[in-house]
Amino acid sequence: MTRPPKARIRNSFERAAPSYDDAAVVQRRVCARLAAGLPDALTASRILDAGCGTGFAQSLLYQRFPTAHAIALDFAPAMLRRIGAPCCRLAGDLEHLPLAANSINLYWSSLAVQWCDLPRALTEAHRVLTTGGHLALVCLAPPRPDGTGS
């Protein structure tokens, strides 16, 4: 699968930001299912919402982890400006996270890494996760060669 250039991806999300939530029905459903699938015993004090978009997951994560320090990171600054929840907003690239190693104990990403070089994004996720940290990730994938999905 060939991805469009990063500048084109960023520009598309910048333009879409004002109306993104109106059309993001599938994204919200997927995000809610990802949240529901988190282990009951999971605790987190530093959470990264990688590719946060307009911040839909922030309220779900806050309900579950009310005392956690939440970082909402997105490639498109216009998306970050749409976030209403209290969090640290950070413009950045999932392939080059502007975070210290071993600094996050929950890396959350819902429908964002398909816009990235997956091995690079996962290497960065591993780098910032603490020992024993958790990765909660869902992404779109191309269909299998037999056409049955991923």
Side-chain angles (χ1 to χ4, degrees), residues 1-99 103-122 124-126 128-129 133-144 147-150:
M1 180 173 94
T2 303
R3 281 180 310 282
K6 285 187 179 193
R8 193 164 106 204
I9 295 168
R10 182 185 299 112
N11 290 338
S12 293
F13 281 103
E14 287 284 312
R15 284 190 311 275
S19 61
Y20 187 83
D21 286 334
D22 295 336
V25 175
V26 170
Q27 290 88 334
R28 287 192 296 275
R29 284 186 191 151
V30 169
C31 193
R33 288 190 65 172
L34 183 60
L38 292 174
D40 290 337
L42 179 64
T43 60
S45 59
R46 292 187 53 85
I47 300 169
L48 173 63
D49 183 356
C52 65
T54 60
F56 177 77
Q58 289 302 305
S59 62
L60 299 174
L61 293 168
Y62 179 76
Q63 287 172 14
R64 178 73 187 273
F65 309 103
T67 61
H69 175 75
I71 302 168
L73 180 135
D74 202 273
F75 201 45
M79 289 289 193
L80 294 169
R81 290 190 292 272
R82 309 288 303 177
I83 299 173
C87 61
C88 174
R89 291 162 185 82
L90 186 59
D93 185 341
L94 275 61
E95 296 175 24
H96 306 281
L97 293 171
L99 299 168
S103 61
I104 300 295
N105 48 24
L106 174 58
Y107 179 105
W108 167 282
S109 187
S110 181
L111 299 179
V113 298
Q114 68 269 7
W115 299 108
C116 302
D117 174 76
L118 186 58
R120 182 69 192 143
L122 292 177
E124 279 294 277
H126 183 262
V128 301
L129 275 170
H134 284 74
L135 176 74
L137 183 138
V138 65
C139 69
L140 301 175
R144 294 180 188 157
T148 62
S150 54

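Here, residue 1 is the first one in the sequence, and each next residue gets the next number. Here the structure is a predicted model, which is why all the values come from computation and not from measurement.
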query: What's the spacing between W108 CH2 and Q58 CD if we round to 0.5 Å?
result: 10.0 Å

statement: S109 and A50 have their tightest heavy-atom pair at OG-O, 2.8 Å

field: Intermediate values then yes/no, side chain to side chain contact (heavy atoms under 4.5 Å, CB included), L99 and Y107
entry: CA-CA 12 Å; L99 299 168; Y107 179 105; over 6 Å; no

- request: State the CD1-CD distance between I9 and Q114, to the nearest 0.5 angstrom.
  value: 9.5 Å

- request: Give the minimum heavy-atom separation between C87 and A72, together with the two atoms involved.
  value: SG-CB, 3.8 Å

- line: In this structure, SG of C52 is separated from CD1 of I47 (nearest 0.5 Å) by 13.0 Å

- prompt: Do you know the tightest heavy-atom contact between R64 and A41?
  reply: NH2-N, 4.4 Å

message: Does any part of the side chain of V138, heavy atoms only, come nearer than 4.5 Å to the side chain of R33, both counted from C-beta?
response: no

task: Flag the pair R120 / H96 as yes when at least one side-chain heavy-atom distance between them is below 4.5 Å, and no otherwise.
output: yes

task: Step by step, work out the side chain to side chain contact (heavy atoms under 4.5 Å, CB included) result for I71 and I104.
output: CA-CA 9 Å; I71 302 168; I104 300 295; 3.9 Å; yes

query: Where is the tightest heavy-atom contact between L34 and A136, given as atom of each residue plus distance?
result: CD2-O, 4.0 Å

Minimal non-hydrogen separation, T54 against M79, with atom names: CG2-SD, 3.5 Å

- prompt: To the nearest 0.5 Å, how far apart are SG in C116 and NZ in K6?
  reply: 6.5 Å

message: Looking at every non-hydrogen atom in both residues, tell me the closest pair between A44 and A68 and how far apart they are.
response: O-CB, 3.4 Å

query: Distance-only, no hydrogens or angles: does the Q27 side chain make a donor-acceptor pair with backbone N or O of L111 under 3.5 Å?
result: no

task: Drop me the distance from R82's CZ to F56's CZ, to the nearest 0.5 angstrom.
output: 15.5 Å

query: If we only count heavy atoms from C-beta on, is the N105 to T43 side-chain gap below 4.5 Å?
result: no

- prompt: Is any side-chain heavy atom of I83 closer than 4.5 Å to a side-chain heavy atom of D74?
  reply: no

- prompt: Checking side-chain contact (heavy atoms from CB on, under 4.5 Å) against L73, which of L94, D93, D49 comes through?
  reply: L94

- line: Tested for side-chain contact (heavy atoms from CB on, under 4.5 Å) against L106, the lone hit among L48, L129, L135, L61 is L61

query: For H69, does the NE2 atom sit with more than 12 other heavy atoms under 6.0 Å from it, leaving out its own atoms?
result: yes

- request: Indicate yes or no: at least one non-hydrogen side-chain atom of F65 is less than 4.5 angstrom from one of L42.
  value: yes

